[in-house]
Amino acid sequence: MLFLFCHQKWQEASNRGAAILSYLGEQVPLIYCLETEPQQGEEEQKVEQHLLYPLECFLFGEEPCVGLEKLQQYNSSSSAQQCGRVFKEGETVYTCRDCAIDPTCVLCIECFQKSVHKSHRYKMHASAGGGFCDCGDLEAWKSGPCCSQHDPGTSVTMETVQFIFSYRYMLVWEETYELSEELKPKVKEDAYFCVLYNDEHHSYDHVIYTLQRAIACDQNQAQIYTALIDKEGRKAVKRGTLRSCQQAKDNIRRNSEHIIQIPLRVEILHTAVMAHQTFALRLGAWFQKIIGYLVGLREVFCQVALEPAADNDQLCLISRLMLHDAKLYKGARKVVHELIFSSLLMDTEFKRQFAMKFTAHYKQLQEDFISDDHQRNISVTALSVQIFTVPTLARQLIEEGSVIKVIIDTVMDMMSAHLDSNNRFQFQGHNPDKFFRVQVIFHDLRYILISKPSVWTETLRVKFLEGLRVFLRFLCCMQGMEEVKRQLGQHVEVEPEWEAGFTLQMQLRHILTMFQDWCSSDERVLLLAFQECHRALMSCTNQPFRREPTDSYMCKQILHARLYKVSQEPVSIHLPISRLLAGLYVQLCQTGAIQYLPDFVDPLNFTELAEQPLRCVVLAAQVCADMWRRNGLSLVSQVSVTNSTFSLVKKRKITKNMKVEFELFDIFNGNSSSKDQFCSSFSKTDQYMLTEEMLYLIIIIVGERYVPGISHVTKEDVTMREVIHLLCIQPMAHSSLVKSLPENVRIVFLLCCVLCFIVSFLCCVCCVLFCQALLEEKTQLESSSTEEVTFDFSLKAQRGNGTDSNTEGLSRNASMTLRCLKSVVSAQSVQDKEKAERKRKAEAAKAHRQKIMAQMSAMQKNFIESNKMLYDNVPESSSQSDTAASVDSRVAVGPQQGVCSTDWEAQICILCQEEQEVQAQAPAMVLTACVQRSTVLTQNRGKTLSPKGSYPLFMPPDLAVGTHTGSCGHVMHATCWQKYFEAVQNTTRNRLHADLIIDLENGEYMCPLCKSLCNTVIPLIPVEPSKFHLSTLFSRSITEMLGVCATTVHRVGLQTAPNDLCPYMPVMSWNTCAYTIQAIENMLQEEGKPLFGSLQNRQLSGLKALVQFSAAQRLKSSQAVVQKHFADMLAVLVPVPNVENTPSILEVDFFHLLVGLVLSIPALYQEEAVDLQPSAVSTAYNHLYLLHLLTMTHMLQVLLERLPVFLLRSLIVSLFLRLRAGVTGFCVEGVKRGVLPFLRCAALFFNCLTGVPPPEELSGTLHLLCSYLSLPSNLFQLFQDHRDVVTTLIKRYKSDAISHLVFRYPHKKNRLIDLPEDYSVLLNQASHFKCPNSSDDERKHPTLCLLCGVMLCAQSPCCQEQLNGEDVGACTAHAAICGAGVGMFLRVRECEIILMASKTRGSPYPAPYLDDYGETDPQLGRGNPLHLCPERYRKLFHMWQQHCVLEEIARSLELLNVMFPFEWQML
């Protein structure tokens, strides 16, 4: 009812604007800037209900939803639509290389995806913010100006929407401290805000320190205030009375002055003023939404903004906005700029009117920008790129607004303070920040000249030449500025400031070219421009023709010239007018207008015009000869990038002048002597170098002139010549070629054409040569036998066919190609020899293996003969023939176990290079190793494990988090490793940011040989020692290394402090052994490699050492603890007295259980007073029965997984009945597939434990695996053989199966997520990403997790989380859960992979996306279309699968000299 009353009241009011403002004056202070902070969303809800909703009702004359629906229908049929989306900082934008008028014409990602430009040669890059989408702008595109969404539709007649002009007062709230009469509160309270504003002088730390001291807030609150001030531009840091706020203001200014002389800007605002200013910003965003509904609404808004004021002394509203921009804070500026983007710049006519206003106030706007301290992207001057780059608008501004003259006059006024008495610039003692801001103005001049006209009007000619004259006056102030004189004797003490002048010259380089292009498009303009440029050059006061010439004699020739010695007199490298004149002369030659030049300019004296450029060349030659080294490095830096031009030079005259300018006249004349002052100042080396430089210059002038307009060459010829020369020096990637070539608008197109031609030419040459070679080979084969054929392709390629003239010409042009082909053939022959050598070595190795196997077979037979009593208990079913067969077979488990290799080979220490046998009582030999937590095999990503439950004794079947131990396979003495580790600790502590590479506190180090990251060592243990007590089994050093490795595995696996007394020490060793074997089996199966014979020697050595180390843990730990662990694990399979809370068979991973039971069962034979251990036969039968029992239980686990949960209770009995009876057709194939990974892992485990080699034909199939593990080929036969045991366990298995969740077997293979082939698809996904914890439009860093596919908001304080009591970024927190601390992330907008290993370590890695030239594009610097490279992505997957992420990070950081470390924990 209140809203209806307000609506009616406003309609009936005589002054509607005053009535609305009066209402806002009452309501706004009741919503904004209250004493207590409102809850999230409460303030916005009140604004919508009490302020915006009444305004919308008044605007539409009805319910807003009804009115908006009508407007949207009108808008859908509008005939003129532009996208106009305002870009945020970092947002990806696209431009078409084929269709865009200039590089500033861009599309948003939505319009690009729906446009024809998607199939063109496009470029993508990140926006700096502030621009808008040009979709629908007909002047921005040569073709395809509209996407399918904004394509013009059918025009319909629409009713004109009328706005009340009184709304003009609501468009903006100027920053003032007094309210209008309508907005003033009836009762003014003594409530004020102390507001702190942002500036670019004080750093984050300065502001935080000041706030802590001034208003007594803690550090966290000060950081929040500082972040909001930097983001919004201001923040109220205190609310109170006027006196308290004034005191806070004084404290802030006083404390900030202690740091730097400039105090922070602080203002005191009344709460009502602050409330209305806050609502004004919200009103700006509301206006953007309203005017986006209908073109008519936007037009009325633009009319209100551009309407002249009733008082002629007052400017229009948009002019007042622009001139007030520098006084607004950052947040207000952004709202105003976005409002301009979405309104005035969306219509051609209004855009023209705005451009005229902008040009009229251009000088004042630039002065405000230079005196301001904010960046250009939040200044109203940045809008110039939106209006100056429109071709038709730029020409209108030249004709009607003289915009070129306005821009140059603005620069001249701002740089007039740097003019010396000779009216030349001198930048000694300049302000770098101010000078940088002045240089930005030249970008506007480039925008105006970016598109040359095709049709000239007389007005355009007049105004352009007027701007050119002003520009030439500016260049006159640069011609010959900052002259230098050669320093003799003492080295210059203080080098002059040269960066300002040199930077100014580099800024003008492109502008000079643009002026030349404009002039070349009209013959009359070109001639008049040359006339004006020549007149300006003649008017300069420091020209050489101001002197009188003299006569010199050489070789019977008289040289009439003005002598000038560069080594003794001042010289300048700044010659912009000479450069412009030379460029215009080239254009005259190209267009043919040179014939009319005598009508405009008197006969040219080319010698005088070339005098100044020649001095620059001489200066460069003398600098190369180190004659100016006492002048410092500044001159060397300038000369190295300075190029002079001699397009006006005539060869005969300049050759004589060179000898004079190079100061070699007397030398060539034969009059030099050692007593001559000139010769005494020049050494012989200087004379030789100067002579060489002069001769090189003569060659350039009189010889090859690859310059379009001077020689008969095109731009394509120039580009091809440059490319060929660069490729002859070294192989270069496409991006390197682009960087090495001169900058040009068409350089990419030219380079593509040139490269295609070069590739086609080489292909044709190769094809012809190959065809000739094949024909000759065919002829020889037909005419001779195979043994008599002698054919050498390289000789054929070199010789060619002398009778064919075409072939002779081809051979001459392709000499380089022939040399390449010869090298390829030579390389092929070398490869053939290497291949034959490898084959010979493989055959020798095979013979050696056969010899060893024969010896092992003989040893096995002798062992059986000498221990016949041990085999008397073998079942009678085993016949003599079976026993004989078992002797020759390879069986790793059971009484038929084959002979094992019990010892390691002699090992060589990589540090001391000494060889040693691995023995129990010898000093320890160790392998480098790295222990890390892993989620490579997880079936439940995101799940965490804690020691509070059944873990770590029982690994859950989902393998949520495991402990992986890898080794590079390099062996050291334990003492050598300890010395090396101590040395690493001592040297690394003094290295800058060494903690980013290795964590010394956690025992990390780099392998001395391969630089792999390690954090422990694995001792080499002899297979199955023969005695019991640890003190008598192993030497002291081996015992110590066992403890070192076990402690590391326990600490890393459980993420706990080292504790040697923890009962889980041996369990964690068994777990890491099992998990590492599972990871290796998974890797081999993923790559399709056989189980045995595919691993490298280092992997085999590391795995064998790990298994033996895990087996030795039962000897180091307490026997009671190991026995209890065995009983608890066995209770999962069979009832064990006094063991309770046993997990179900569906809650346990059975391979982990197998490893634990096999390695702990010998502890049952141990007693305190008796030194016992199981015999070989007992151990064999123990292993066999455990394997049978666990295999049957795992088969049951697989079968239960395949039954639906609702059928478990009804089918469980029939299942066990089938099992007891021996099933042959019930889920047989499914069980085989499910149990195969378990058997593969078991085969690897027993191979490393017993040392029995597998059969050579073993490939991992079920039949051969069963044979190697002494299992029946039909696994269901186990249930028949052990039916009595199975019957006693049915009841327990039934109860377990009904109450727990099951997992599918075999487990799914984890891979990295599938990425789209086109990178623009990822960019599109990132553009729609919304931060879950923030609603603002500030730049975000969408980052994709490659492990699970979640999109995260990285490097942003809005998504920080607590991890172990510390604030970390979203990626760090996600990696801790998703990858157990290891993360692989793709930063979408940067096209870069981020590898993370912990909270403090990470490194960038190339993304798997390549352009058409096979190169990556980090940060989207080149912007070429990118496509997924499967090979690179597969390499990234293998890095993660093989647990090499930590190693890659350490190696990359080792190569990178980190000066300023990145805070990876905040990513």
Side-chain angles (χ1 to χ4, degrees), residues 930-946 951 955-964 1052-1055 1075 1078-1079 1082-1083 1086 1149 1303 1307-1315 1322 1325-1326 1329 1331-1333 1340-1356 1358-1388 1392-1405 1407-1408 1433 1436-1449 1463-1467:
C930 180
V931 183
Q932 56 182 301
R933 301 176 79 234
S934 169
T935 61
V936 170
L937 304 178
T938 182
Q939 303 297 301
N940 191 1
R941 190 166 298 280
K943 178 183 176 181
T944 58
L945 297 177
S946 62
Y951 179 81
M955 172 64 75
D958 56 14
L959 302 176
V961 180
T963 306
H964 180 272
V1052 175
L1054 295 181
Q1055 292 184 301
Y1075 191 88
Q1078 286 178 315
N1082 176 76
M1083 177 192 69
E1086 181 71 27
D1149 178 72
F1303 290 90
H1307 289 327
K1308 66 179 179 66
K1309 303 299 180 183
N1310 290 331
R1311 295 179 176 86
L1312 300 182
I1313 64 171
D1314 294 331
L1315 293 177
L1322 271 181
Q1325 295 177 6
F1329 170 73
C1331 175
N1333 301 322
K1340 303 297 181 184
H1341 297 271
T1343 304
L1344 182 66
C1345 176
L1346 298 181
L1347 303 184
C1348 64
V1350 172
M1351 190 77 76
L1352 303 169
C1353 177
Q1355 206 172 341
S1356 178
C1358 60
C1359 292
Q1360 291 182 3
E1361 299 181 19
Q1362 285 280 333
L1363 184 63
N1364 299 329
E1366 182 181 356
D1367 289 334
V1368 297
C1371 291
T1372 305
H1374 180 78
I1377 299 175
C1378 181
V1382 175
M1384 273 188 176
F1385 301 97
L1386 174 61
R1387 302 184 71 184
V1388 181
E1392 185 179 56
I1393 295 289
I1394 295 296
L1395 303 178
M1396 295 189 66
S1398 63
K1399 293 190 296 184
T1400 58
R1401 280 188 299 184
S1403 69
Y1405 190 83
Y1433 199 43
L1436 196 66
F1437 165 66
H1438 289 161
M1439 180 198 304
W1440 170 73
Q1441 186 187 45
Q1442 298 174 13
H1443 301 85
C1444 297
V1445 175
L1446 276 73
E1447 179 180 333
E1448 178 64 30
I1449 293 174
E1463 295 182 353
W1464 294 104
Q1465 71 273 13
M1466 304 311 296
L1467 185 66

Test log, rule side chain to side chain contact (heavy atoms under 4.5 Å, CB included), inputs W1440 and N1310:
CA-CA 10 Å; W1440 170 73; N1310 290 331; 3.9 Å; yes

Across all chains, not counting sequence neighbours, the side-chain hydrogen bond (donor to acceptor under 3.5 Å, both in side chains) partners of E1361 are none

Residue set satisfying ring pair (Phe, Tyr, Trp, His ring centres under 6.0 Å) with H1374, at least two apart, ordered chain then number -> none

Check your understanding: Quick check: does any side chain N or O of H1307 sit under 3.5 Å from a backbone N or O of P957, one acting as donor and the other as acceptor?
Key -> yes

Those residues at least two apart in sequence (or on a different chain) that pass side-chain hydrogen bond (donor to acceptor under 3.5 Å, both in side chains) with E1447 are S1012, R1451

Residue set satisfying side-chain hydrogen bond (donor to acceptor under 3.5 Å, both in side chains) with S934, at least two apart, ordered chain then number -> Y1075, H1443

Tell me if a side-chain donor or acceptor on R1401 pairs with a main-chain N or O of L1446 at a distance below 3.5 Å. no

The single option from L1344, V1350, L1352, L1346 that satisfies side-chain contact (heavy atoms from CB on, under 4.5 Å) with F1385 is L1352

Between the CE atom in M1384 and the CE atom in M1439, the distance rounded to the nearest 0.5 Å is 5.0 Å

Requested in this report: Check whether any side-chain N or O of Q939 sits under 3.5 Å from a backbone N or O of L937 as a donor-acceptor pair, and report yes or no.
Outcome: yes

Donor-acceptor contact below 3.5 Å, side chain R1387 vs main chain E1392:
no

Residues passing the salt bridge (charged side-chain N to carboxylate O under 4.0 Å, His left out) test with E1086, sequence neighbours excluded, are R1311

Contacts of K943 meeting salt bridge (charged side-chain N to carboxylate O under 4.0 Å, His left out) (sequence neighbours excluded), chain-then-number -> D958

| request: Show your reasoning for whether side chain to side chain contact (heavy atoms under 4.5 Å, CB included) applies to Y1405 and L1436. | output: CA-CA 9 Å; Y1405 190 83; L1436 196 66; 3.5 Å; yes

